[in-house]
There are 2 protein chains.
Amino acid sequence: MPADGASVTVVDVARVAGVSPSTVSRILNGTARVTAEKRKAVEDAIAALDFRPNLFARSLKTGTTMTIGILTQDIESPFFTRALRGIEEGLAGSGYAPLIVSGHWDAEEEAERIRLLMARRIDGVVILTGNLADTQIVEFATHQPIVALGRTLVAPNVRAVRFAQERGGYMAVRHLLELGHRRIAFIAGPVGHVDANDRYAGYVRAHMEVGLDPDPALVVQGDFLETGGVTAMTALLDSGVDFTAVFAANDQSAFGARMVLYRRGLSVPGDVSLVGFDDLPAAAYVTPPLTTVHQPIHEMGLFAARALLGMLGQPAEPVPLPDLQMVVRETTAAPKR
Amino acid sequence: MPADGASVTVVDVARVAGVSPSTVSRILNGTARVTAEKRKAVEDAIAALDFRPNLFARSLKTGTTMTIGILTQDIESPFFTRALRGIEEGLAGSGYAPLIVSGHWDAEEEAERIRLLMARRIDGVVILTGNLADTQIVEFATHQPIVALGRTLVAPNVRAVRFAQERGGYMAVRHLLELGHRRIAFIAGPVGHVDANDRYAGYVRAHMEVGLDPDPALVVQGDFLETGGVTAMTALLDSGVDFTAVFAANDQSAFGARMVLYRRGLSVPGDVSLVGFDDLPAAAYVTPPLTTVHQPIHEMGLFAARALLGMLGQPAEPVPLPDLQMVVRETTAAPKR
DNA sequence: GCGCTGCATGAAAACGTTGCCAGTCTTCCG
DNA sequence: CGGAAGACTGGCAACGTTTTCATGCAGCGC
């Protein structure tokens, strides 16, 4: 059934103000000049009737919805919510509202969600990493402009940004090497995850650079979550392999690993040094505060919003993207042996 | 391949299938019987043209948008994202999509955001706590069904749920008292926040019950954030007042407080016992794991989604809400003195 | 065979906006 | 003073659906 009879339309306003609907529309959108007198009458009528234009009717007519779709992976992950916050800020005051959907790292589900977004005729899409194939994105981009974070991809109607994750991994391990560590374990990310793989590549490069051959026994599987950090660290300790430091592929893994070390009575950084990746807000509040690689997540969100706004023809000043940065806190120290 | 799926309309489908638009619509919505023959033709045409019904046109006509609005306070707060995840789950498969906006604990902004939601003609609203006046909510509820979490409010078209926060505070302090603590500090929440006040009331009641008069010098201001916990704990220690345990109004405050204790070289729970509130996922991963009061946040989100679906006339089986529960981990112990 | 009933279908009227087109009324220039 | 250029404004046709309403056509009982 149609909206409740109480819903007031542009026609009602026109009637009360004694003008035509066209004129009301003109005033609403500032699309043509109208005499001050009628403008006043219309504005009064709008206020009196508490009129709100029906965005759907407008969308139907104009073909634009003032909504941008955001494909995140996990609404509960601090990494993504930090980016979301950036996007929210970047969109503030633009009139665009974000429609957030989650893909849960599943390519199939991601594609499905994007289709859902498109069914709602959103004006643009921001994709936060994920496992979607690039070809899929290119295909989607034939319909709407897309900004993709955590990807390198050049295609029409697509703007992609990705930080050199390899360099981040390199920086982290380099830091440990400089402290004197030689047996450095690595808690990997999800299998096949490019970012995780790149960070691992950095881990390898840093080793090579000082003439070390990374020991495969020091690399254990994680999943970017705390629980993965727990299992990985447990496996590592139980394997009996020797190590003095651990580089976790992201902060959440590091948190999990730290918990196991605590359980086993190992001191950080006394017995084992620990480095994370991301610099989540929480990294500064664990004890001891976590040494990690700072990613400007918030700025990335801000950037994505502005970039998309730009692609939509909105005036939006671009934001600069700071680079990855090593943040040395208190979970790293020289090895005792 | 998908042609310009954007511009394919029900009329195109009708033409290709050799039927009228009405019939296509009927098949789309299963609203009347159609011969198998035509149904087949239409379905083939839909597939061939990659037709997607324009939801806006449909909304315009039916007055329903299959969108529900969610007013959260801070998209980055783990408390809210956990609830959001519950809502997301509760909505899964219902066809409704959530439109998330943030009020940032500002009554004015909250009202503004809700108006924005209503301008988008959402079918229902979930309000996650906040500072909006109840009268405002009642007023909004005249337009859409509303589910409010963290409120006690009885009104037509409104469903409100709130846990007995006072009891939670009582349980936390009771736990400390039973361990033998007598000088228990309290890190308060934001000024005027009902939940925070109620938790404080529980703090007071637990004291009274054992014949103790809570010392005002032991109560310090916080803001539900880590930073607030830091300032509060710092102020407490600097004031020189004597205490053996701290009850923080929420986990995030506790995390901040824990950091300061670490900085000052005070052991937890050796020198000071610490209790939080909420049982955020992170509470299990700080060291030592935080003793806290568990709120079924996720379930609350699930509950809200189902309740709203029910109000919208959808078949949605209600979910039970477990009660608050004391989770004793490792930040509490008997006082040394 | 006649009127009924019921069913499948198409035509057309909305839903609330916007934007083109064509007026009307000034105003100004020659 | 005539006429033309502007400046405003109203009418009306879309936008893509859904939803009456009406129509034609079988089948049915008598």
Side-chain angles (χ1 to χ4, degrees), chain A residues 1-43 45-46 49-67 95 118-121 123 143, chain B residues 4-43 45-46 49-67 95 118-123 143:
Chain A
M1 53 189 70
D4 54 318
S7 92
V8 354
T9 84
V10 74
V11 179
D12 299 320
V13 174
R15 188 162 25 73
V16 170
V19 301
S20 76
S22 318
T23 301
V24 177
S25 171
R26 275 187 269 262
I27 291 175
L28 246 30
N29 305 294
T31 172
R33 302 186 52 178
V34 174
T35 51
E37 182 191 5
K38 300 208 175 196
R39 153 161 283 120
K40 174 90 170 59
V42 169
E43 278 166 358
I46 288 179
L49 298 174
D50 188 30
F51 166 72
R52 306 281 168 72
N54 183 324
L55 295 189
F56 288 93
R58 178 176 293 172
S59 294
L60 180 58
K61 187 65 187 160
T62 64
T64 136
T65 60
M66 298 308 279
T67 305
M118 309 222 307
R120 284 173 184 266
R121 297 292 202 272
D123 293 339
H143 297 73
Chain B
D4 43 349
S7 50
V8 177
T9 83
V10 75
V11 179
D12 300 318
V13 174
R15 186 164 25 75
V16 171
V19 300
S20 75
S22 322
T23 302
V24 178
S25 171
R26 276 187 268 260
I27 291 175
L28 246 30
N29 305 294
T31 172
R33 300 184 52 178
V34 174
T35 51
E37 180 192 6
K38 301 208 175 198
R39 152 163 283 119
K40 174 89 169 57
V42 169
E43 277 164 358
I46 288 179
L49 298 174
D50 187 31
F51 165 74
R52 307 282 170 72
N54 183 323
L55 294 188
F56 288 92
R58 178 176 292 172
S59 294
L60 180 59
K61 189 63 188 166
T62 63
T64 136
T65 61
M66 298 308 278
T67 306
M118 309 225 305
R120 285 175 181 266
R121 299 292 202 274
I122 38 95
D123 293 340
H143 298 77

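The analysis underlying the following values was restricted to heavy atoms, covering all of them including side chains, and did not include hydrogens, waters or symmetry mates. Predicted model, so just to flag it, every value in this text is computed and none were measured. So that the names make sense, note that chain A is the first sequence line, chain B the second, and so on, each numbered from 1.
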Does [N] have OP1 or OP2 sitting under 4.0 Å from an N or O in the side chain of [X]?
| X | N | value |
| --- | --- | --- |
| A:Ser7 | C:dG16 | yes |
| B:Ser25 | D:dT18 | yes |
| A:Ser59 | C:dT17 | no |
| B:Arg33 | C:dA8 | yes |
| B:Lys61 | C:dT17 | no |
| A:Thr62 | D:dC15 | no |
| B:Asn29 | D:dT18 | yes |
| B:Ser20 | C:dG10 | yes |

Rounded to whole angstrom units, what separation is found between the [atom1] atom of [X] and the [atom2] atom of [N]?
| X | N | atom1 | atom2 | answer |
| --- | --- | --- | --- | --- |
| A:Arg39 | D:dA7 | CZ | P | 16 Å |
| A:Arg26 | D:dC8 | CZ | P | 11 Å |
| A:Leu60 | D:dT18 | CG | P | 12 Å |
| B:Phe56 | C:dT18 | CZ | C1' | 16 Å |
| B:Leu28 | D:dT19 | CG | P | 12 Å |
| B:Asn54 | C:dT17 | CG | P | 17 Å |
| B:Met66 | D:dT17 | CE | C1' | 15 Å |
| B:Ile46 | D:dT17 | CD1 | P | 10 Å |

Donor-acceptor pair, side chain of [X] and main chain of [Y], under 3.5 angstrom:
| X | Y | value |
| --- | --- | --- |
| B:Thr23 | B:Val19 | no |
| A:Thr65 | A:Arg121 | yes |
| B:Ser25 | B:Pro21 | no |
| B:Asn29 | B:Arg26 | no |
| A:Asp123 | A:Thr64 | no |

### Task
Check if the side chain of B:Arg121 and the base of C:dG16 share a donor-acceptor pair of N or O atoms closer than 3.5 Å.
no

How would you label the contact of [X] with the nucleic acid (heavy atoms, under 4.0 Å): base, sugar-phosphate, or nothing?
| X | result |
| --- | --- |
| A:Val24 | nothing |
| B:Ser22 | base |
| A:Arg52 | sugar-phosphate |

### Query
Taking atom types as modelled, is there a side-chain donor on B:Arg120 or A:Thr67 under 3.5 Å from an acceptor on the other?
yes

### From C:dC15, C:dT17, D:dT17, nucleotide with atom closest to A:Arg58 side chain
C:dT17

### Task
Could you check which of C:dT9, C:dG10, D:dT9 has an atom nearest any side-chain atom of B:Thr35?
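Shortest atom-to-atom distance from the side chain points to C:dT9.
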
